[in-house]
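Convention: sequence-line order gives letters A, B, ...; per-chain numbering from 1. Values in this document were obtained by computation on a predicted structure and should not be read as measured data.
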Number of protein chains: 2
Amino acid sequence: MNIGEIARLAGVSRSTVSYALSGRRTVSDETRKRIEQVIAQAGYRPNAAARALKEGRTRTLGLVIPPASQRLTDMQLGFVASVVEAAARADLDVLLSPSGGDHDRSFERVITGQRVDGVILMEIRLDDARVTRLQQAGLPFVTIGRTAHPENMSWIDVDYAGLIGRCVHHLADLGHRHVALINRSAELVAAGYGPSHRALTGFTDAATQRDLKGITVCCADDAAAGQACMEQLLTEHPQITAIATVNEAALPGVQRALDDAGLAVPRDFSITGVVAQHWAEDFRPPLTAADVPAHDIGARAVELLQQRIAEPDSAPRHLLMAPPIALRASTGPAAARIAGH
Amino acid sequence: MNIGEIARLAGVSRSTVSYALSGRRTVSDETRKRIEQVIAQAGYRPNAAARALKEGRTRTLGLVIPPASQRLTDMQLGFVASVVEAAARADLDVLLSPSGGDHDRSFERVITGQRVDGVILMEIRLDDARVTRLQQAGLPFVTIGRTAHPENMSWIDVDYAGLIGRCVHHLADLGHRHVALINRSAELVAAGYGPSHRALTGFTDAATQRDLKGITVCCADDAAAGQACMEQLLTEHPQITAIATVNEAALPGVQRALDDAGLAVPRDFSITGVVAQHWAEDFRPPLTAADVPAHDIGARAVELLQQRIAEPDSAPRHLLMAPPIALRASTGPAAARIAGH
DNA sequence: TTGTATGCGTTATCAT
DNA sequence: ATGATAACGCATACAA
């Protein structure tokens, strides 16, 4: 079923059908009614490929996600879901490309075959080959996260440095003198993953400012690693009375390690950090933490991208999100820590 | 940059470039070399829309996911990730459509605008309008999960009934006489969600067979609900000594409720069920449970769909996955339950 | 071994 | 207010 068939059934020309559909020129009420009826009855929809070929745009967005092999974090999943939802609201389709490294067939196909009008890139590194590739391809794109030098591109990011800094200040205000940062995995840090680096900077700077003793450790994204990490921290740094973290997946393990050590939160030990709301609320007690507005971020990324597509030469825009730190129940005054029962 | 430009730069006709690319007719070594060089230098890639229009296929698969509003479970996420990865391996792109209800613009656009060669449907209900729609559209599709009457369509599903049944038999073998099933949410059950219904059937049948007292409850997909649900269960049915569950997201709450009640697993209480491997291993102690091979399922779904696309008239295929129940540490002999400390 | 011509389904320009 | 037709970029049947 194509536009010619509809035209034949309605007894008009193809262009009339096209115009009746697009409304780009006036069609008499009578013929438009007839055409609409035929279309509804035949269940016709314009062929997307033909339209894309003619119009030079696909009404499709590319979304580059980390390779499926590594499980997505809840926060990453939140980005994906909200991007897809926001795109659907704008009648845009989303093409997924699981691409991590430099030369990826899926990535190349998406950006260079004119399959999409623009691309949203996630999990940006400080020095990211995909960004370079996108720039040289001249395809509109927006990043969730940002490179080391993101001045001339559009991005939206969470202010990890600022937020972790505020967490440290909050702990300092409560009298904590020895605090630790539980970061993401060492691999991610080595790969130049932005959030990890910026969290580290924010932590170190704030600790220096408040003259705290700050320990920083890397931790893989799972409960087992979180437990091992927390246990080691308690053993090797007995003076520590609080942690800040950007590693939500480690939290269940952190909780176990504290339980096992007989440490109650927040009486004996305080926890804060930057994590998806769901993790903060599922912790016991609920975490004092910056809730990353993943849903909002995805929607904003789509908006930014739509603007870059509409006006490729307009000035790039930057959105640095610094959500408030929700005061819940996991932080309290520092107490000298006693080794558990 | 299009094929005509490449032809001009290489000093040949467009068809020669096309054939050099596709290999569907012999091109002299010399000219092919020259063409390849020009292509590499210009960074040319065939326009996907033009190719799709000409060939009548898009090399793209549609993946219909639940609307983003409701958080995806880890298992659902596993399906998505593995589908995308498997498709990428086969040089196929994946178009995401977040569609739940009957009339969804995104869904209609994807299936009726010839945007994809086939569709993978997730979160199938026993009576599913999207399946009906896909059948009448005549578009190849495969479902992860199955309807009440899935005979003449291709699907891949987890044998919830059989697996939960085996869990119950396992508990019965250990001497448990009063057991409960923690199902998914009441809304899902009311909507005719297959896994919930089949888990219920499997549970009830096995309980009857072994002459057990079986309690079944619904529970929303989060830790808080799990905790409330488990607390209520302990209060209202003090004889219960074990549960089986298909609700992985409720597990952290279940654990808390047991902790709070002073019940040790598996000494005082046994837990088993069907959950993603990650949840089973993160539980403490690790869960005796059927590990759903989400990764495998996504890959198989892509295979099935490729076959339906290649031979639309071939007989539909069905894959009912019944992974072994991994014996870990969360089930043990029944003991009379004593109300906690 | 290579070139020419046609059509895929649409939208838009030109003509009536 | 409507119709005929060209063009988007590609793959392929047909010619040479």
Side-chain angles (χ1 to χ4, degrees), chain A residues 1-36 38-39 42-60 91 93 109-117 137 139, chain B residues 1-36 38-39 42-60 91 93 109-117 137 139:
Chain A
M1 184 59 56
N2 60 34
I3 202 172
E5 283 284 277
I6 301 297
R8 196 177 55 74
L9 291 173
V12 295
S13 74
R14 293 189 318 226
S15 47
T16 302
V17 175
S18 178
Y19 284 118
L21 238 31
S22 70
R24 302 175 96 90
R25 93 178 178 191
T26 45
V27 173
S28 76
D29 254 32
E30 188 195 4
T31 50
R32 201 189 50 251
K33 285 282 199 310
R34 193 166 67 250
I35 290 171
E36 280 169 0
V38 172
I39 285 179
Y44 162 78
R45 293 233 143 200
N47 178 296
R51 172 177 278 187
L53 179 58
K54 177 61 184 165
E55 294 193 327
R57 60 170 183 152
T58 58
R59 298 163 193 263
T60 304
D91 282 332
D93 289 319
R109 204 166 49 227
V110 164
I111 71 165
T112 197
Q114 280 133 291
R115 280 177 105 8
V116 299
D117 299 333
L139 193 62
Chain B
M1 185 59 59
N2 60 35
I3 201 172
E5 284 284 276
I6 301 297
R8 197 177 54 73
L9 291 173
V12 295
S13 75
R14 295 190 320 230
S15 54
T16 302
V17 175
S18 179
Y19 284 119
L21 237 31
S22 71
R24 300 179 96 90
R25 91 178 179 192
T26 45
V27 174
S28 77
D29 254 32
E30 189 195 2
T31 51
R32 202 189 51 251
K33 284 281 199 311
R34 193 165 67 249
I35 289 170
E36 280 168 359
V38 171
I39 286 179
Y44 163 78
R45 294 229 142 204
N47 178 298
R51 172 177 280 185
L53 180 57
K54 177 63 183 165
E55 292 191 329
R57 61 172 182 148
T58 59
R59 299 164 193 265
T60 303
D91 281 331
D93 289 318
R109 205 167 47 229
V110 164
I111 71 167
T112 194
Q114 282 134 293
R115 288 185 80 63
V116 300
D117 298 333
L139 192 63

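A straight line from CZ of B/R8 to P of D/dG9 spans 14 Å, rounded to a whole angstrom. Taking atom CG of residue B/L21 and atom P of nucleotide D/dT12, one finds them 12 Å apart after rounding to whole Å. For the pair A/L53 CG and D/dC10 C1', the computed distance is 8 Å after rounding to whole Å. For the pair A/Y19 OH and C/dT10 P, the computed distance is 15 Å after rounding to whole Å. Here the C1' atom of nucleotide D/dG3 and the CD1 atom of A/I35 are 12 Å apart, to the nearest Å. Following rounding to the nearest Å, A/E5 (CD) and C/dG9 (P) show an atom-to-atom distance of 10 Å. Whole-Å rounding puts the A/R24 CZ to D/dA1 P distance at 18 Å. In this structure, the CG atom of A/N2 is 8 Å from the P atom of C/dC8, given to the nearest Å.
Crowding of B/R25 atom CZ: a count of heavy atoms from other residues, nucleotides or ligands under 6.0 Å exceeding 12.
Residues A/R109 and B/D91 have side chains in contact (heavy-atom distance under 4.5 Å, counting atoms from C-beta outward). Side chains of A/V27 and A/T16 form a contact here, defined as non-hydrogen atoms less than 4.5 Å apart. Between A/I39 and A/L21 there is a side-chain heavy-atom pair separated by less than 4.5 Å.
Nearer the 5' end of DNA chain C, as judged by each residue's closest nucleotide, is the contact made by B/D29, out of B/D29 and B/Q114.
When each of C/dT10, D/dT2, C/dT2 is scored by its nearest atom to the side-chain atoms of B/V27, the top-ranked nucleotide is C/dT2. Taking only side-chain atoms of A/P46, from C-beta outward, the nucleotide of D/dA11, C/dT10, C/dG3 with the closest atom is C/dT10. Checking D/dT2, C/dT11, D/dC10 against every side-chain atom of A/R14, the shortest atom distance belongs to C/dT11.
Contacts of A/S15 with the nucleic acid, taken as non-hydrogen atoms under 4.0 Å apart, include base atoms. If you check every strand for non-hydrogen atoms under 4.0 Å, B/T31 touches sugar and phosphate atoms only.
The side chain of A/S13 places no N or O atom within less than 4.0 Å of a non-bridging phosphate oxygen (OP1 or OP2) of D/dT2. At C/dT11, one or more side-chain N or O atoms of A/R51 fall inside 4.0 Å of OP1 or OP2 (strictly under the cut-off). For D/dT2, one of the phosphate oxygens OP1 or OP2 lies less than 4.0 angstrom from a side-chain nitrogen or oxygen of A/S28. In this model, the phosphate group of D/dA1 is approached by a side-chain N or O of A/T26 to a distance below 4.0 Å at OP1 or OP2.
Evaluation of atom-type donor-acceptor distances gives a pair under 3.5 Å for the side chain of B/R25 against the base of C/dT2.
Here the side chain of B/R34 pairs a donor or acceptor atom with the backbone of B/A10 at under 3.5 angstrom.
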